[in-house]
2 protein chains.
Amino acid sequence: MSRILIIEDEKNLARFVELELKHEGYDTQVELNGRTGLQAALDDNFDVILLDLMLPELNGMEVARRLREKKNTPIIMMTARDSVIDRVSGFDHGADDYIVKPFAIEELLARIRALLRRIQIENDQQKSNKKSVTFKDLTIEKDSRIVRRGDEVINLTKREYELLLTLMENVDVVLARDVLLTKVWGYDSEVETNVVDVYIRYLRNKIDRPGENSYIQTVRGTGYVMRS
Amino acid sequence: MSRILIIEDEKNLARFVELELKHEGYDTQVELNGRTGLQAALDDNFDVILLDLMLPELNGMEVARRLREKKNTPIIMMTARDSVIDRVSGFDHGADDYIVKPFAIEELLARIRALLRRIQIENDQQKSNKKSVTFKDLTIEKDSRIVRRGDEVINLTKREYELLLTLMENVDVVLARDVLLTKVWGYDSEVETNVVDVYIRYLRNKIDRPGENSYIQTVRGTGYVMRS
DNA sequence: GTACTTGTTTGAAAATATATTACAAAAAGG
DNA sequence: CCTTTTTGTAATATATTTTCAAACAAGTAC
């Protein structure tokens with residue numbers, strides 16, 4: 001079930017849209033001003049955000065801009081009647097679609113469906129599309145499988161490479177040993193979890209510089225993480 | 001078993017719906033007008049209220065509005081087809097879903113199930129789905145497991161972290177020692193309840209500032225709580 | 001005030017988690 | 001085949017955490 005955040009200060013409209021969306025089976029949340037709306041959008045992972053342009057405390061444009069610094073949650077901007085300028089700058093600030101008030105609920109529903117579909121397709125494509133991954137001065141070129149620390153090329157074995165890639169594709173997410181095990185060794189692997197530790201050590205030997213803190217942090221009792 | 005209140009003046013329809021709901025295993029009660037319906041809804045704790053829009057003595061909109069002043073019992077509004085205009089124009093009545101008469105009983109059942117599920121999920125999820133949790137100037141980022149008091153990062157062990165998270169996901173709820181034990185140490189843990197006290201102390205040492213009141217309050221004879 | 005209950009603090013032992021190492025088995029590359 | 005490299009295991013060492021229990025402090029009831 002898709003989750004939709006409604007940021008709208010006109011309570012009646014917010015309530016009405018919420019009801020309609022729930023009726024359609026979406027999971028919704030309403031925030032009545034820009035500040036709490038932005039907070040909710042950052043704290044939580046919504047599939048779509050319906051964002052009013054005119055908001056108290058923090059206007060819609062500003063909410064979109066600040067959200068975009070951290071996240072790519074798709075935004076449908078709700079603007080007052082035909083202000084073309086708003087439209088243009090709305091897109092500039094990271095809206096993915098817009099709808100002009102007053103609108104028929106059916107049109108909104110159609111736009112949400114279209115956006116969800118579009119995002120879905122983009123996501124599928126994008127995952128396999130990123131060509132390189134970076135963490136500080138470490139880079140991985142996926143096509144060539146070349147790993148560099150600064151200018152220096154680092155030779156990794158297959159397992160080492162995949163373990164590092166997994167960690168680097170999840171910067172700031174603590175990954176438990178068994179998660180790493182299924183991601184790198186496969187869901188049906190029957191190796192001891194200790195191999196993860198051993199490979200972390202191999203990686204640390206190859207990528208870290210003596211005296212400096214390791215790029216790969218241990219979170220005792222939980223797993224490993226590369227912290228930005 | 002879920003309890004459902006049916007507020008509907010057409011006796012045949014009310015009777016039919018009641019029968020079907022009982023057949024599905026719900027516990028039901030019927031009220032035939034708005035006044036007694038509202039009274040019943042206030043007096044008793046139902047899981048869902050089926051509310052007809054057109055009612056004698058007090059119409060559905062008014063029932064919903066007055067109920068909402070006191071309670072958040074989920075409401076499914078039953079509207080006639082031609083009152084669709086009502087919902088579009090300014091309605092602020094506090095329904096959680098609606099169904100248009102005449103409806104197939106299966107649709108009603110599906111909407112009740114969906115609503116019950118939604119409520120359930122909302123209750124749990126608001127806690128566990130968020131990426132971060134906040135209490136005053138304390139924040140927890142769940143992915144990275146980083147805990148901050150203001151700008152300062154606080155290092156917690158696994159147990160400390162889970163205990164704090166549990167307390168912060170239940171702000172203003174007093175949690176008994178044995179509840180904390182099952183939530184943090186697991187339902188089959190066999191440690192003394194005193195370890196909870198010990199860990200509360202560790203947490204206080206790490207998160208409180210000298211001279212200030214502790215963020216974690218003791219409720220003598222009961223347990224601990226973080227009060228907002 | 002005294003007895004009693006409940007919560008706090010402590011230090012040390014026990015349990016656990018992680019790091020490190022050496023080595024054998026398996027795979028890859030000639 | 002033989003050599004080299006990679007992979008996984010197991011044992012040991014080290015570091016950290018968890019737990020317990022006892023002493024102490026603070027409330028509560030009489």
Side-chain angles (χ1 to χ4, degrees), chain A residues 145 147 153-167 174-208 210-227, chain B residues 145 147 153-167 174-208 210-227:
Chain A
R145 297 175 72 96
V147 179
V153 172
I154 295 172
N155 259 315
L156 298 182
T157 71
K158 183 164 180 275
R159 281 282 141 85
E160 290 165 352
Y161 174 85
E162 276 166 9
L163 180 56
L164 182 62
L165 186 60
T166 305
L167 288 165
V174 180
L175 298 168
R177 266 160 256 265
D178 59 325
V179 171
L180 290 170
L181 217 48
T182 54
K183 290 204 184 214
V184 176
W185 277 260
Y187 72 99
D188 56 350
S189 79
E190 290 182 7
V191 297
E192 302 292 313
T193 58
N194 169 249
V195 294
V196 176
D197 301 47
V198 173
Y199 273 84
I200 290 288
R201 162 138 239 274
Y202 293 162
L203 278 180
R204 300 220 255 227
N205 279 342
K206 291 191 179 182
I207 67 178
D208 289 338
E212 291 176 12
N213 282 339
S214 176
Y215 274 7
I216 304 170
Q217 303 270 304
T218 306
V219 182
R220 192 163 248 267
T222 311
Y224 296 96
V225 61
M226 298 183 81
R227 278 202 222 280
Chain B
R145 298 177 74 99
V147 179
V153 172
I154 296 173
N155 260 314
L156 299 182
T157 71
K158 190 172 143 87
R159 282 280 143 82
E160 290 166 352
Y161 174 86
E162 276 164 9
L163 179 57
L164 181 62
L165 187 61
T166 305
L167 288 166
V174 180
L175 297 167
R177 269 159 253 263
D178 60 323
V179 171
L180 289 170
L181 264 185
T182 54
K183 289 203 186 217
V184 176
W185 277 260
Y187 71 99
D188 56 350
S189 81
E190 291 181 6
V191 297
E192 302 293 312
T193 58
N194 170 249
V195 294
V196 176
D197 302 47
V198 173
Y199 273 85
I200 291 290
R201 158 138 241 272
Y202 291 162
L203 279 181
R204 285 177 174 165
N205 279 342
K206 291 191 179 183
I207 67 179
D208 289 337
E212 290 176 13
N213 282 339
S214 176
Y215 274 7
I216 303 170
Q217 302 275 304
T218 306
V219 181
R220 188 162 249 267
T222 312
Y224 297 96
V225 62
M226 297 182 81
R227 275 199 228 283

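Letters A, B, ... mirror the listed sequences (proteins, then strands); counts begin at 1.
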Set of residues satisfying side-chain hydrogen bond (donor to acceptor under 3.5 Å, both in side chains) with respect to B/D208, sequence neighbours excluded: B/S214
With sequence neighbours excluded, residues passing side-chain hydrogen bond (donor to acceptor under 3.5 Å, both in side chains) with A/E190: none
Is there a side-chain contact between [X] and [Y], using heavy atoms and a 4.5 Å cut-off?
X	Y	value
B/Y202	B/L156	no
B/V196	B/L181	yes
B/Y199	B/T157	yes

Nucleotides bounding contact with chain A, strand DNA chain C, heavy-atom threshold 4.0 Å: C/dA17 to C/dT21
Sugar-phosphate, base or nothing in reach of A/V196, heavy atoms under 4.0 Å: nothing
Under the ring-ring contact (aromatic ring centres under 6.0 Å, His included) test, residues paired with A/Y161 that sit two or more places apart: none
Exceeds 12 heavy-atom contacts within 6.0 angstrom, atom CG of A/N213: no
Contact letters for nucleotides 18-25 of chain D, in which S counts primed atoms plus P, OP1 and OP2 and B counts the base, heavy atoms under 4.0 Å: BBBB----
Residue pairs passing the side chain to side chain donor-acceptor pair (under 3.5 Å) test where at least one lies in residues 174-184 of chain A, sequence neighbours excluded: A/R177-A/D197, A/R177-A/Y224
Rounded distance (Å) that lies between atom P of D/dT7 and atom CG of A/L156: 10 Å
Between D/dG8 (C1') and A/L163 (CG): distance, integer Å: 14 Å
